[in-house]
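Note that this is a predicted model, so its numbers are computed, not measured. A, B, ... follow the sequence lines: proteins, then strands. Residue 1 opens every chain.
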Amino acid sequence: MQDYLHLEIEKKWQDIWDEKETFKAYNDYTKPKYYPLVEFPYPSGQGLHVGHPRPYTALDIVARKRRMEGYNVLYPMGWDAFGLPTENYAIKNKIHPAVVTEQNIKRFKGQLKSLGLSFDWSREINSTDPKYYKWTQWIFLKLFEKGLAYKKEMDINWCTSCKVGLANEEVVGGVCERCGGAVIKKAKSQWMLKITEYAERLINDLDDLDYIERVKTQQKNWIGRSEGMEVDFRTTSGDNLRVYTTRPDTIYGATYMVLSPEHPMLEERANLIENLDALQAYRDEARRKSDFERTELNKEKTGVEIKGIRAVNPANDEEIPIWISDYVLMSYGTGAIMAVPAHDSRDWEFAKKFELPIIEVVQGGDVQEAVYTDTDKGIMVNSDILNGLNVQEAIEKISDYLTDKGLGERKVNYKLRDWVFSRQRYWGEPIPLVNCPTCGWVALPESELPLTLPEVESYEPTDNGESPLAAMDEWIETTCPKCGGPAHRETDTMPQWAGSSWYFLRYCDPDNDDIFASMEALNYWMPVDWYNGGMEHTTLHLLYSRFWHKFLFDIGVVNTKEPYMKRTSHGMIMGENNEKMSKSRGNVVNPDDIIQEFGADTLRLYEMFIGDFEKSVPWSDNSVKGCRRFLDRIWTLQENVTDDAGYSKTLEVAMHKAIKKVSEDYENLKFNTAIATLMALLNDFKKQTAITEGEMKTFLILLNPVAPHITEELWQVLGYDNMVADQTWPAYDEAKVIDDVIEMAVQVNGKVRSTITLAIDATQVMAHELAFVDEKVLQFTEGKRVVKEIYIPGKIYNIVVK
RNA sequence: GCGGGUAUGGCGGAAUUGGCAGACGCGCUAGACUUAGGAUCUAGUGUCUUGUACGUGGGGGUUCAAGUCCCUCUACCCGCACCA
């Protein structure tokens, strides 16, 4: 017997798979297809992280199993290569980001190949390749054409000392990550995409999808649909202040109003306001905080009352004060609220701090002492026409009442905001628009796509907040495609989300120069059957790509209204100390080292065995060794295989059970228990003097998706000249999976006292007879009265005594 | 703070969804083989005050029966819109 030389064996089979194009997805549109997808990685300078192989191996298992089940499988891979780290590296080292990207991709690809993943590399894509981003730009132009892209003044993070715009991630503790300088918000005209127009569909269409529940919930909560009312409050300045509320029933408890510090009323009625300076100072302060900081509850509430203007509660005509406070956001609702301190915890804290009146309108608590929010079963009080109603009835009645009086209207609101699509950066897709003094914003004609990134001297953003492209005069100066007059190019680029919002479509037809993918290819391959990715992409990436896909469906260029049929999520791999792996913590494990020492099969097996696929899990060097030991023990099986093609009598049930369990577990993300089953089966094998060829073959096929190299090698050792990858997935016989005799636990008063052996279909009478001669049972029942017997066939027998 | 999730031996985890808690693996203990062992093989391994005992983050409840269902508390993890 040869030694198990993992490096040699793994290289050998990887070369064979490449040469034979074993995993190529062929364009035979008559066969049943299967399209599993993993998120394409950002090729960072650090190389592959041990976290990457976890999802890749998981869907590799599914892909390999599907091929053996007769499907034409498309399991593709590519690079999501635009992004901030590459750009920052380029700035620091004065090297073109494209060069950095190329190096990183090369390294990543080599590492992925050494894992033996069954990707179809002939369809590799790269989001920074002009041939790819031509179509990203094309899709943007379609959005623009349909009125879904618009310009709006939005705040960016601005470092006052570097004089550059910063990503949120570059703002640490309110200061610039690079220089420690103060960061303020600076208004900048930005391209926005109207994702809010799709909010309703993005919620409703989730119903038909096979997404794991927590992903659906997160998507729904992120979109944040709420039904409520917009209500107008008159003011002493003669204006109407419109608020949004989901609880119009509590309007009689509204004892003050709060406006967002950015609310336009401050400008519009500046002449009537007596304390403008204080308000302005507060506004400046709020400007330095993010929405996230502003809505933090545990911090002390702050605010300033507007002196000189008061509001009138439309329900009871009482005059109430108006405050500004940063816990009200301009970006949600109308930027103004009616505050009901008795029944909203934020309002309650604010009222307590500033000694504003608290009026109970739903019975059930002591609102002077604590906020009362559990109002579901409460009855309305102090509310005139609503008194005595429950909350639901009150909402209906007051909504009708205010609507009839012309004081408000029912309104559905979403937390979801439109997508800020501009970045003042170099390393992104140029936005293919031209600003013409006479025609306004004009799209480039399709024939001019891709609009490629020009060479620039510096990748640093300019000190007036524009992208590095703004310094390229000869690139900016152009002519208007519409009128032919002089015009300027847009210098902002797209966010990294752009390229990843449609990449799964390109895999279907990656070399097409006429369209991003032909309808023929899309009709066959789409939708993605199973998409696995990190929980951290559950809100943004998933939502953005669903939005783009729905848009493409609306303009008739894709065939399905949803891109992904099924979405699952994997947990993170932590360092051995159960902290996030990072250089600074010194707990990083390099996959290359593991492959070198133990082999790719061991790494794959380990990452699948390590724990619940959906949960995060710490790395363990010892467990890696245990997985290698399992493969070593399999390797030695080759010495004890007989010529018998079937299963032996002693192992028959175990074989059928294992096929069933492994087949099901691979489908349900339960890779750890699938492997445990195979380990148990190997233990059974080891108890025999020899196993049959049939048993060995089945075992190798079942293990192949997890450990493809060693299983192919052992297959060859058995004397076959084809591959495991060419085999048919084994079937099991349901009749042979069930034991006909079982051990049943016998409980007395709910505690297990003994077990009895009986037929699977035995009756209670038979169980009774066996149990009441059992010494251990009698010990607990003797001299006592049997009150009740619970017999669940095949499960348990419980005797209740007194 | 808001939204989502998690908690089981020394460690990673399993438990047919209300029916024998701890499968499988690691670690540990003992033994075998060995010049040697961080190799391999065999056996054992939840805890303790060793019994009508206790035990699935803490407290309470429902049930013949609870890791699983209900109430409540705590701790940790992910996301929060310019990281990807």
Side-chain angles (χ1 to χ4, degrees), chain A residues 39 41-42 44 80 82-85 154 156-157 165-171 190 195 213-215 217-222 224 290-299 327 331 345-346 415-425 495-497 500 534-541 543-544 569 571-572 574 578 580 606 609-612 614-627 629-630 632-633 636 661 670 672-673 675-680 683 686 743-755 779-780 787-790 792 794-801:
Chain A
E39 288 166 344
Y42 175 69
S44 76
D80 187 15
F82 279 126
L84 208 54
M154 289 296 290
I156 59 168
N157 301 308
L166 298 176
N168 284 346
E169 196 183 58
E170 297 173 298
V171 182
Q190 310 245 49
I195 189 172
E213 214 45 50
R214 61 195 159 118
V215 169
T217 319
Q218 291 245 68
Q219 292 256 306
K220 280 183 194 164
N221 290 344
W222 183 258
S290 65
D291 285 359
F292 173 36
E293 287 168 305
R294 285 172 50 165
T295 51
E296 228 173 326
L297 236 186
N298 56 4
K299 64 144 208 209
Y327 78 95
S331 54
S345 47
R346 291 158 304 182
K415 284 212 183 77
L416 183 68
R417 310 204 287 261
D418 277 341
W419 176 3
V420 186
F421 199 69
S422 297
R423 299 290 184 274
Q424 294 72 47
R425 295 278 173 175
Q496 187 174 34
W497 307 108
S500 61
M535 221 43 212
E536 69 274 21
H537 294 128
T538 297
T539 42
L540 296 178
H541 162 64
L543 208 63
Y544 290 155
S569 230
M572 263 203 301
M574 315 293 278
N578 212 356
K580 218 172 177 169
Y606 167 72
F609 182 61
I610 186 171
D612 185 335
E614 303 192 71
K615 290 188 202 152
S616 74
V617 63
W619 183 266
S620 161
D621 277 335
N622 273 328
S623 284
V624 176
K625 286 183 205 155
C627 288
R629 190 140 59 212
F630 172 61
D632 283 333
R633 276 156 51 84
T636 62
K661 177 79 175 142
K670 302 205 140 210
N672 54 337
T673 49
I675 292 163
T677 303
L678 290 172
M679 286 174 169
N683 290 342
K686 289 287 182 182
E743 290 267 300
M744 180 182 280
V746 181
Q747 299 181 327
V748 180
N749 288 348
K751 303 217 160 153
V752 178
R753 298 304 184 190
S754 187
T755 55
Q779 204 181 316
F780 291 94
V787 193
K788 198 173 178 182
E789 288 173 59
I790 294 106
I792 313 290
K795 287 191 173 166
I796 201 120
Y797 182 37
N798 188 11
I799 303 158
V800 185
V801 298

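- For A:K686, the NZ atom sits in a packed shell: over 12 heavy atoms of surrounding residues, nucleotides or ligands are nearer than 6.0 Å.
- A side chain to side chain contact (heavy atoms under 4.5 Å, CB included) with A:L166 holds for exactly one of A:I156, A:L84, A:N157; it is A:N157.
- When base pairs are accepted only as Watson-Crick or G-U wobble with both N-N or N-O distances under 3.5 Å, RNA chain B takes part in stems of 3 or more pairs at B:1-7 with B:74-80, B:10-12 with B:24-26, B:27-32 with B:40-45, B:57-61 with B:69-73.
- Taking only side-chain nitrogens and oxygens, A:R633 comes nearer than 4.0 Å to OP1 or OP2 of B:C41.
- Remark: A:R425 engages A:E170 in a salt bridge, criterion side-chain N to carboxylate O under 4.0 Å.
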Along nucleotides 64-70 of chain B, 5' to 3', which nucleotides get a B, which get an S, and which get a -, given that the test is a protein heavy-atom distance under 4.0 Å?
-> B------

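- Heavy-atom distances to RNA chain B give each of A:N622 and A:L416 a nearest nucleotide, and the one nearer the 5′ end belongs to A:N622.
- Atoms CG and CZ, on A:N683 and A:R633 in that order, are 5.0 Å from each other to the nearest 0.5 Å.
- Contact check, A:R214 against B:U6: no side-chain N or O comes under 4.0 Å of OP1 or OP2.
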Protein heavy-atom contacts under 4.0 Å, written 5' to 3' over nucleotides 28-34 of chain B as B (base), S (sugar-phosphate only) or - (none), form the string -------

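- Nucleic acid contact class of A:E743 (heavy atoms, under 4.0 Å, all strands): base.
- Closest to the side chain of A:Q218, out of B:G25, B:C83, B:G3, is B:G3.
- Contact annotation: A:N672 does not reach the phosphate of B:A23 (side-chain N/O to OP1 or OP2, under 4.0 Å).
- Closest to the A:K795 side chain, of the nucleotides B:C20, B:U17, B:G4, is B:U17.
- Contact annotation for A:K670: backbone-only contact, meaning every heavy-atom pair under 4.0 Å involves sugar-phosphate atoms and none involves a base.
- Comparing B:G4, B:G12, B:C20 by their nearest atom to the side chain of A:T755 picks out B:C20.
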